[in-house]
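Below is one structure; the comments refer to it alone.
Chain identifiers are assigned alphabetically (A, B, ...) following the order of the sequence lines, protein sequences preceding nucleic acid strands; residue numbering begins at 1 within each chain.
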Protein chains: 2
Amino acid sequence: MPGPIQSLERAAAILRLLAGGERRLGLSDVASSLGLAKGTAHGILRTLQQEGFVEQEPVSGKYQLGAELLRLGNSYLDVHELRARALVWTDDLARSSGEAAYLGVLHQDGVLIVHHVFRPDDSRQALEVGAMHPLHSTALGKVLSAFDPVAHNEVAEHERAALTARTVTGAAELEAVLDLTRARGWAADLEETWEGVASVAAPVYDRRRMPVGAVGITGAVERVCDESGIQARLVAAVRDCARAVSRDLGAARF
Amino acid sequence: MPGPIQSLERAAAILRLLAGGERRLGLSDVASSLGLAKGTAHGILRTLQQEGFVEQEPVSGKYQLGAELLRLGNSYLDVHELRARALVWTDDLARSSGEAAYLGVLHQDGVLIVHHVFRPDDSRQALEVGAMHPLHSTALGKVLSAFDPVAHNEVAEHERAALTARTVTGAAELEAVLDLTRARGWAADLEETWEGVASVAAPVYDRRRMPVGAVGITGAVERVCDESGIQARLVAAVRDCARAVSRDLGAARF
DNA sequence: CGATGAAGGTCGACATTGTCGACCGACGCA
DNA sequence: TGCGTCGGTCGACAATGTCGACCTTCATCG
């Protein structure tokens, strides 16, 4: 396999640096963070700016991400087949469950949210499309970790942060949770990611019966749970939705 | 000014090609569309794939945009100061007007939607963050064209498509509309972009009193208009919101 | 069923291209 | 007024990306 293109790798590293770090970075910050000569970093930044991938504050000269990324990210959603198929079903899921519905796919070491339907009753909710959620503590993440071998590797190799007192961080305990998930075909998150918030999710399969994503709902624990855990009707609604999307994608009947 | 980096320009062109064109493109399509040797195109695509900016369908080998773009686009929103300041005000605007509220900025030859609050009452609305709207026919676009010289150049130089029977396409007529917009400080779109849909928008200024974006509302023409055009209370609500955001950004009092 | 063409991908020689580090002017601070 | 740091430029050098021929695979078609 021939080598990758150096300047592109560096440009990608710069974009990630700008995305992850502080709000705005100066040229020298970028250069020293990545171990590049200032001239080199400047050339890359200048080109990225010209293409709209980064913007420069005219006063201070600091750099930040550019609008073209938002446009391209939106185009990604348009092309995404899983998302297109799931649109109508997740809408129904949110309506019937009364909670916010999510569609996520594996991306790097997390769950990338590619669709989000707001909870029907309420307003003032932040949109989370494009956000990343952890693999080891969310219902979506556990489903992917349980059914997708690549996700399983990721969750096994990465540090698992204790986000709340209930987060499962031990390798053996997590493995047991994933076994349970595989056995029953769905996963739950009972205040393991955010205090007071619970979620349920189930896997979506493509035409070759490979897991390609997960759908789920998230809501306040007192609405979503009863004395025995997640309410059975919500689990059923989520699983029905996952099956419906899978069928839309061409997976064989269950 | 030293030259831009060739491989980066080409990579950006490939991403735009994938974003704009058909759903998926093969290696040869990409190479011939951009006039590149197959080997060259392959090297760039391989690197972009490695970085997550494009994905390759394992069967068929065709390429499409990758998930990393969505993640970075989302990070762009996090960093965007105008958007951060506008979040709460546009929320209020949607609530008080009962219509969907939008925040847009100039990007290339269009309006890039960076925030969108759903209409409060109804569900089943498509999210439009990341979408591009035309400059010459939408209220947001007219506001930007009227107050931002760069946007004015763009709208003057580009072809203005007739999206509906009411779209203003002539240069002189558009200029008159923009003059009116400048004079009264807001713009309207009465079924000039979509049949049955009207919108109002007003400009947002930064601390140096430079126009940096526009806020507006959009809704069915029978709800938004009365016999004299856009309802006065809606115009007032939009202008109040724009002033509030501008004040938040540090613009002097009006 | 073998020929054919077009697909994605690889390879190695070449010289274009991006990189490096010294340098420049501007700004802010003491 | 001088120092330190900032963003940005310049030119030499060779590392780097590019090109076009070539390989394998697959679907098509005579």
Side-chain angles (χ1 to χ4, degrees), chain A residues 1-19 21-66 79 81 207-208 250, chain B residues 1-19 21-66 79 81 207-208 250:
Chain A
M1 175 159 66
I5 292 179
Q6 189 190 44
S7 54
L8 274 182
E9 285 186 312
R10 290 173 166 180
I14 288 180
L15 290 177
R16 268 192 282 271
L17 184 67
L18 290 173
E22 313 309 314
R23 307 176 69 90
R24 276 175 265 265
L25 292 174
L27 171 62
S28 303
D29 302 327
V30 171
S32 69
S33 294
L34 298 173
L36 298 177
K38 265 197 304 182
T40 305
H42 179 60
I44 296 174
L45 280 168
R46 178 159 30 77
T47 310
L48 287 174
Q49 179 186 15
Q50 211 165 278
E51 302 292 339
F53 291 96
V54 307
E55 292 168 0
Q56 186 177 25
E57 219 180 340
V59 50
S60 86
K62 294 197 183 294
Y63 294 93
Q64 62 166 48
L65 294 180
V79 173
E81 186 180 356
R207 54 193 121 260
R208 286 188 308 285
Chain B
M1 176 160 65
I5 293 178
Q6 188 189 44
S7 54
L8 272 182
E9 286 186 311
R10 291 173 165 179
I14 288 179
L15 290 178
R16 270 193 281 273
L17 184 68
L18 290 174
E22 312 309 313
R23 306 177 71 88
R24 276 175 266 264
L25 292 174
L27 171 63
S28 304
D29 303 327
V30 171
S32 69
S33 295
L34 299 174
L36 298 176
K38 267 197 303 183
T40 305
H42 179 59
I44 296 174
L45 280 168
R46 177 160 29 79
T47 309
L48 287 174
Q49 179 185 16
Q50 211 165 279
E51 302 292 339
F53 290 95
V54 307
E55 292 168 1
Q56 186 177 26
E57 220 180 340
V59 50
S60 90
K62 293 200 184 291
Y63 294 92
Q64 62 166 46
L65 294 180
V79 173
E81 185 181 357
R207 52 193 121 259
R208 286 187 307 285

Whole angstrom is fine here: how far is it from [atom1] in [X] over to [atom2] in [N]?
{"X": "B/Leu45", "N": "D/dG17", "atom1": "CG", "atom2": "C1'", "answer": "15 Å"}
{"X": "B/Arg24", "N": "C/dA7", "atom1": "CZ", "atom2": "C1'", "answer": "17 Å"}
{"X": "A/Ile14", "N": "D/dG7", "atom1": "CD1", "atom2": "P", "answer": "13 Å"}
{"X": "B/Glu9", "N": "C/dT16", "atom1": "CD", "atom2": "C1'", "answer": "15 Å"}
{"X": "B/Arg46", "N": "D/dT16", "atom1": "CZ", "atom2": "C1'", "answer": "14 Å"}
{"X": "B/Asp29", "N": "C/dG9", "atom1": "CG", "atom2": "C1'", "answer": "15 Å"}
{"X": "A/Leu25", "N": "D/dT5", "atom1": "CG", "atom2": "C1'", "answer": "16 Å"}

- Task: Name the closest nucleotide to the A/Leu27 side chain, picking from D/dG8, D/dG17, D/dT9.
- Result: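 The listed nucleotide nearest to A/Leu27's side chain is D/dG8.
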
- Taking salt bridge (charged side-chain N to carboxylate O under 4.0 Å, His left out) as the test, write out the residues that go with A/Glu57, two or more places apart.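 By the salt bridge (charged side-chain N to carboxylate O under 4.0 Å, His left out) rule, A/Glu57 matches A/Arg24.
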
- Who passes salt bridge (charged side-chain N to carboxylate O under 4.0 Å, His left out) against B/Glu55, sequence neighbours left out?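 Not a single residue meets the salt bridge (charged side-chain N to carboxylate O under 4.0 Å, His left out) criterion with B/Glu55.
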
- Of A/Lys62 and A/Leu8, whose nearest nucleotide on DNA chain D comes first from the 5' end?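 Looking at the nearest nucleotide for each, A/Lys62 comes out on the 5' side.
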
- Contact class for A/Gln56 (heavy atom, under 4.0 Å): base, sugar-phosphate, or nothing?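 Answer is sugar-phosphate: A/Gln56 comes under 4.0 Å of backbone atoms only.
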
Check nucleotides 20-22 of chain C for protein N or O atoms closer than 3.5 Å to its own N or O atoms and list the pairs.
unit_1: C/dC20; atom_1: OP2; unit_2: A/Thr40; atom_2: OG1; d: 2.5

- With distance as the sole test, does A/Thr47 use its side chain to make a donor-acceptor pair with the main-chain N or O of B/Leu8 at under 3.5 Å?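 No, because the side chain of A/Thr47 does not come within donor-acceptor range (under 3.5 Å) of the backbone of B/Leu8.
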
- Task: Just report the end-to-end axis angle for the helix from C/dT17-D/dA14 to C/dA30-D/dT1, five pairs per end, to 10 degrees.
- Result: 0°

Is the phosphate of [N], meaning OP1 or OP2, less than 4.0 Å from a side-chain N or O of [X]?
{"X": "A/His42", "N": "D/dG7", "result": "no"}
{"X": "A/Tyr63", "N": "D/dG8", "result": "yes"}
{"X": "A/Ser28", "N": "D/dG7", "result": "yes"}

- Task: For B/Ala31, enumerate each residue passing the side chain to side chain contact (heavy atoms under 4.5 Å, CB included) test, keeping only those at least two apart in sequence or located in another chain.
- Result: B/Lys38, B/Ala41

- Task: Could I get the full list of side chain to side chain contact (heavy atoms under 4.5 Å, CB included) partners for B/Gln6, not counting sequence neighbours?
- Result: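 So B/Gln6 forms a side chain to side chain contact (heavy atoms under 4.5 Å, CB included) with B/Arg10.
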
- Query: Sequence neighbours excluded, which residues qualify as side-chain hydrogen bond (donor to acceptor under 3.5 Å, both in side chains) partners of A/Ser7?
  - Reply: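 If we apply the side-chain hydrogen bond (donor to acceptor under 3.5 Å, both in side chains) test to A/Ser7, skipping adjacent residues, the hits are B/Ser7.
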
